[in-house]
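In what follows, residues are counted from 1 in the order of the sequence shown. This is a predicted model, so every value here is computed, not measured.
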Amino acid sequence: MSKWIASAAFAFAAAAGAQDTPPGELVKSVMLDIQASVAQDKDLQAGDRDKTIALIEQKALPHFNFVSMTSLAVGPAWQKATPEQKKRLVEGFRGLLTRTYASSVNSFRDQKLDFRPVRMKPADTDVTVLVRVLQSGAQPLDIEYDMEKTVRGWKCYDVRVGGISLVVNYRTEFANLVREGGVDGLINALEAKNKSAERPAAATAKK
C-alpha cells in the first residue's frame, strides 16, 4: 500500500501555466499526461530508474509543497528544528519519496481513472481532489489529493490512497527516530536511506 501511496503522489505532475488552473482540472490533465508519457516510452515501462527520476523531477516535484509535507510528517519536532535542520529535513524527505518509489510510476500506465467533480467555492484555498482508480474484479480505489492555493498556484501537500495518508504513513517512523536521536538523528537516517538508494543505480550504470 505504501508504494501505491507514493506512486499516486508522483503520478500527479503539472505543466507550465498551472498557476491559473483549477485543482480538479490540474490533477486530471497532469495524471493523464503521466500515463501518456509512460505508455509512449519503453524505457519507463521497463523501469529505467534514471529516466523515471528525471520524469518525476521535471513534472511532479515543482508542484508539491514539500515544506508543508515535511512539517506534517515530522510533527512537533519541526518547530524545534533550526532553519538549517528544516532545510535538510525537506531535502531528505523529498529525496526519500523520489528515489524509494521511482519505479512505482509505471503502475499507473494502464489504470482507468474516474476524476470526480471537486466541490469548492471561489474563495476556497484548501480542497481535496478525488480520483477513483477502477480495478477489474475489485472495488475502486480512492486517491485523494489534498491541495492548497499558494501565490505560485495550487500545490499538493498530502495524498491519501484508500484512506491512508502519505504524510501520516511516515509520522510514527519519524517520531521514533527523533525520540532516539533527536532531529539530527532523523536527518541522518533520511540521508542514509537516500545514499543507499543511490548505490544500486550507480552500480548498474558502471556495468
Side-chain angles (χ1 to χ4, degrees), residues 1-15 18 21-49 51-53 55-66 68-70 72-73 93-120 124 126-149 154-174 197:
M1 179 61 77
S2 61
K3 285 194 175 184
W4 260 103
I5 294 174
S7 62
F10 291 123
F12 171 59
T21 306
E25 293 179 20
L26 177 60
V27 170
K28 179 178 180 178
S29 65
V30 299
M31 288 188 75
L32 294 178
D33 181 40
I34 286 287
Q35 278 191 324
S37 296
V38 176
Q40 296 169 8
D41 193 312
K42 292 183 178 180
D43 291 336
L44 290 174
Q45 294 171 25
D48 185 305
R49 186 177 181 81
K51 212 166 187 179
T52 303
I53 289 175
L55 178 71
I56 291 170
E57 290 177 341
Q58 176 190 1
K59 291 178 175 273
L61 297 192
H63 306 284
F64 280 83
N65 189 336
F66 276 101
S68 291
M69 294 178 76
T70 306
L72 290 171
F93 193 42
R94 175 181 170 131
L96 175 67
L97 295 180
T98 302
R99 296 188 180 280
T100 302
Y101 301 109
S103 61
S104 301
V105 170
N106 193 32
S107 66
F108 275 86
R109 180 181 53 170
D110 300 316
Q111 296 290 349
K112 293 183 178 180
L113 305 174
D114 178 16
F115 298 93
R116 309 303 298 167
V118 179
R119 296 179 180 177
M120 62 178 295
D124 286 347
D126 194 312
V127 302
T128 297
V129 177
L130 172 62
V131 180
R132 193 156 284 160
V133 181
L134 306 179
Q135 306 178 98
S136 178
Q139 289 293 320
L141 181 66
D142 285 348
I143 304 173
E144 298 168 281
Y145 294 93
D146 289 334
M147 303 181 69
E148 58 186 352
K149 190 173 185 179
W154 288 93
K155 304 289 183 182
C156 182
Y157 65 89
D158 195 12
V159 182
R160 294 189 302 279
V161 177
I164 300 177
S165 162
L166 171 68
V167 168
V168 174
N169 199 46
Y170 282 102
R171 188 173 292 162
T172 300
E173 177 187 351
F174 286 3

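Judged as a side-chain hydrogen bond (donor to acceptor under 3.5 Å, both in side chains), and not counting sequence neighbours, the contacts of E173 are K193. Annotation: side chain to side chain contact (heavy atoms under 4.5 Å, CB included) contacts of D48 (sequence neighbours excluded): D43, D50, K51. Partners of T128 according to the side-chain hydrogen bond (donor to acceptor under 3.5 Å, both in side chains) rule, which considers only residues two or more places apart in sequence or in another chain, are D146. By the side-chain hydrogen bond (donor to acceptor under 3.5 Å, both in side chains) test, Q45 is found to be paired with R109, residues two or more places apart in sequence or in another chain being considered. Residues passing the side-chain hydrogen bond (donor to acceptor under 3.5 Å, both in side chains) test with E144, sequence neighbours excluded: R160. With sequence neighbours excluded, the residues that form a side chain to side chain contact (heavy atoms under 4.5 Å, CB included) with R132 are D114, R116, L130, L134, P140, D142.
Note: M120 CE to M147 CE = 9.5 Å, rounded to the nearest 0.5 Å. Between atom CZ of residue F66 and atom OG1 of residue T98 there is a gap of 5.5 Å, rounded to the nearest 0.5 Å. For the atom pair CH2 (W154) and CG (D126), the distance works out to 7.0 Å, reported to the nearest 0.5 Å. Rounded to the nearest 0.5 Å, atoms CG (L55) and CG (D33) are 8.5 Å apart. Separation of atoms CD1 (I56) and CG (L97) is listed at 9.5 Å; rounding is to 0.5 Å.
Proximity of L72 to R171: side-chain heavy atoms (C-beta onward) are separated by under 4.5 Å at one or more points. Side-chain contact between Y170 and L96: present, with at least one pair of heavy atoms (C-beta onward) separated by less than 4.5 Å. For the pair V27 and V118, the minimum side-chain heavy-atom distance is 4.5 Å or more.
Between G47 and T52, the shortest heavy-atom contact is C-OG1, 4.5 Å. Minimum heavy-atom separation, C156 to M69: O-SD, 4.0 Å. Closest heavy-atom contact between L44 and S37: CD1-O, 3.7 Å. For the pair S165 and D158, the tightest heavy-atom approach, listed with the atom from each and the gap, is OG-OD2, 2.6 Å.
The backbone N or O of Y157 sits nowhere less than 3.5 Å from a side-chain atom of N65 that would complete a donor-acceptor pair.
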